[in-house]
Peer 1: 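Input: one structure, supplied below.
Start at 1 with the first residue, then count along the sequence. All ligand and atom numbering here is 1-based and tracks the order in the structure.
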Amino acid sequence: MALDINNLTIELCAEKSHCINVVDSLSLSVNEGETVSIVGESGSGKSFLGLSILRLNPPDISKIVSGGIRIKCKSQNEEIDMVKLNAGELAGVRGRLVSMIFQDPNTCLNPVMKIGDQITEAILAHKKVSKKEAESIAVLYLNSLNIDGKSRFRAYPYELSGGMRQRVMIAMAMVLNPCFLIADEPTTALDVTTSLQVLRLIENIKEKSGIGVIFITHDLTVAKSISDRTYVFYAGQVMESGNTEDLINNPVHPYTISLIKSVPSLSKEYVPKQRLFNIPGFLTGDDFNKGKCRFYSRCFKRNDECLRDIPLKVIDGKREVRCVK
Ligand SMILES: Nc1ncnc2c1ncn2[C@@H]1O[C@H](COP(=O)(O)OP(=O)(O)OP(=O)(O)O)[C@@H](O)[C@H]1O
Ligand code: SF4
Ligand SMILES: [Mg+2]
């Protein structure tokens, strides 16, 4: 297993007197060579979870209350629990054993530093090589992602297209051959064609290197095209998880059912020219509160039974669902 998250709870106290479990009792595993999607709408805590796996959650307002984040790296013969590492040990692990493609390349790339230098810096932080050797590795890696490494090495991020900037982010994440990759909505800001190219690129990298991948997205059609298994996430909790194909063809949880009904290309009930289904209301901070199902305020099946914390249960030995029905 490449990643094994066990009963992880992370508390976030963004407001002084109000703390929420932004990640609540999360257990999730990813095998080597497997892609697992985390699907959920804006504000559900997907990025927070991704950042927390790397222990990049803001320490002044959040803390890991319980649980473990084990990463097993067969190729480098290492096994670690991210929760137990200190700051120095974490710096030695990030990028080398586990890497992340961040949600927005426009804010994550340094705008005043040439892209080649940004990749070289990442290599020099972990590998005992000369600057010249690191630069050659960076050029080769850019070439492998269809960016002419030699001519683009000295380009600034603003001189590249959105798709190229995303590939530079992929280069920075993958150049040290980590065992595990977290890709946080890497295609959201891209047009359909470029988005497809980036998805294929991530798939190719995974197939060549056999790494485990967590793919964070709000788009079920993207999850369907790229992942083996999917976890549907809402207000910090897994609502449903299972094999992606089965989950989309036969959703059980009211939130998954509602999400699928909102996507014409996935919904069996969609009739062309008919008004598209949408989930009433919005996800709000109150949905993270304890004492009720977190989807309660928007659920078409809710009743008084749902006014308590709802545990995850396993159905047919392979699907997990958090619902009283
Ligand atoms: N640094 C922070 N300070 C305060 N609140 C935060 C911080 N980071 C995240 N949050 C809050 O945690 C919750 C989850 O945010 P997160 O960014 O993980 O959502 P998301 O699922 O990634 O959404 P999106 O799809 O829009 O990227 C939100 O309510 C957000 O306001
Ligand atoms: S527990 Fe109740 S409110 Fe929550 S999803 Fe199930 S039916 Fe809806
Ligand atoms: Mg996000």
Peer 1: List, for ligand 1, each N/O atom that has a protein N/O partner under 3.5 Å away, with both atom names and the distance.
Peer 2:
from	atom 1	to	atom 2	distance (Å)
ligand 1	18 (O)	Ser47	N	3.3
ligand 1	18 (O)	Phe48	N	2.9
ligand 1	19 (O)	Gly45	N	3.4
ligand 1	21 (O)	Ser44	N	3.2
ligand 1	21 (O)	Ser44	OG	3.4
ligand 1	21 (O)	Gly45	N	3.0
ligand 1	21 (O)	Lys46	N	3.0
ligand 1	21 (O)	Lys46	NZ	2.8
ligand 1	22 (O)	Ser47	N	2.9
ligand 1	22 (O)	Ser47	OG	2.9
ligand 1	23 (O)	Gly43	N	2.8
ligand 1	25 (O)	Lys46	NZ	2.8
ligand 1	25 (O)	Glu185	OE2	3.2
ligand 1	26 (O)	Ser42	OG	2.5
ligand 1	27 (O)	Gln103	OE1	3.1
ligand 1	27 (O)	Gln103	NE2	2.9

Peer 1: For the cysteine pair Cys19/Cys13, does the gap between the two SG atoms stay under 2.5 Å?
Peer 2: yes
Peer 1: Is Glu159 paired with Arg154 through a side-chain N to carboxylate O contact shorter than 4.0 Å?
Peer 2: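 So Arg154 does not pair with Glu159 through a salt bridge.
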Peer 1: Would you mind reporting whether Val263 and Lys224 have side-chain heavy atoms less than 4.5 Å apart?
Peer 2: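 Lys224 vs Val263: side chains apart.
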Peer 1: Is the positively charged end of Lys261 above the ring of Phe277, judged by distance under 6.0 angstrom from the centroid and angle within 45° of the axis?
Peer 2: yes
Peer 1: Tell me whether the Mg ion (ligand 3) has Gln103 as a neighbour, meaning an N, O or S atom of it below 2.8 Å.
Peer 2: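 A backbone or side-chain N, O or S atom of Gln103 is under 2.8 Å from the Mg ion (ligand 3).
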Peer 1: Can a side-chain donor-acceptor contact be found between Thr35 and Lys206 if the only test is distance below 3.5 angstrom?
Peer 2: yes
Peer 1: Distance under 6.0 Å and angle within 45° of the ring axis: does Arg294 meet both against Tyr234?
Peer 2: no
Peer 1: Mind jotting down which protein residues get a heavy-atom contact under 4.0 Å with ligand 2? Chain and number order, please.
Peer 2: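 Heavy-atom contacts below 4.0 Å: His253, Pro254, Cys293, Tyr296, Cys299, Lys301, Arg302, Cys306, Cys323, Val324, Lys325.
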Peer 1: Would you indicate whether Cys73 and Cys179 have their SG atoms under 2.5 Å apart?
Peer 2: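 Bridged: Cys73 to Cys179.
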Peer 1: Please determine if Glu320 and Lys313 form a salt bridge, counting it only when a charged side-chain N lies under 4.0 Å from a carboxylate O.
Peer 2: no
Peer 1: So which heavy atom on Phe233 is nearest to which on Val238, and how close?
Peer 2: CD1-N, 4.0 Å
Peer 1: Is the closest basic N to carboxylate O distance between Glu240 and Arg322 below 4.0 Å?
Peer 2: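 So Glu240 does not pair with Arg322 through a salt bridge.
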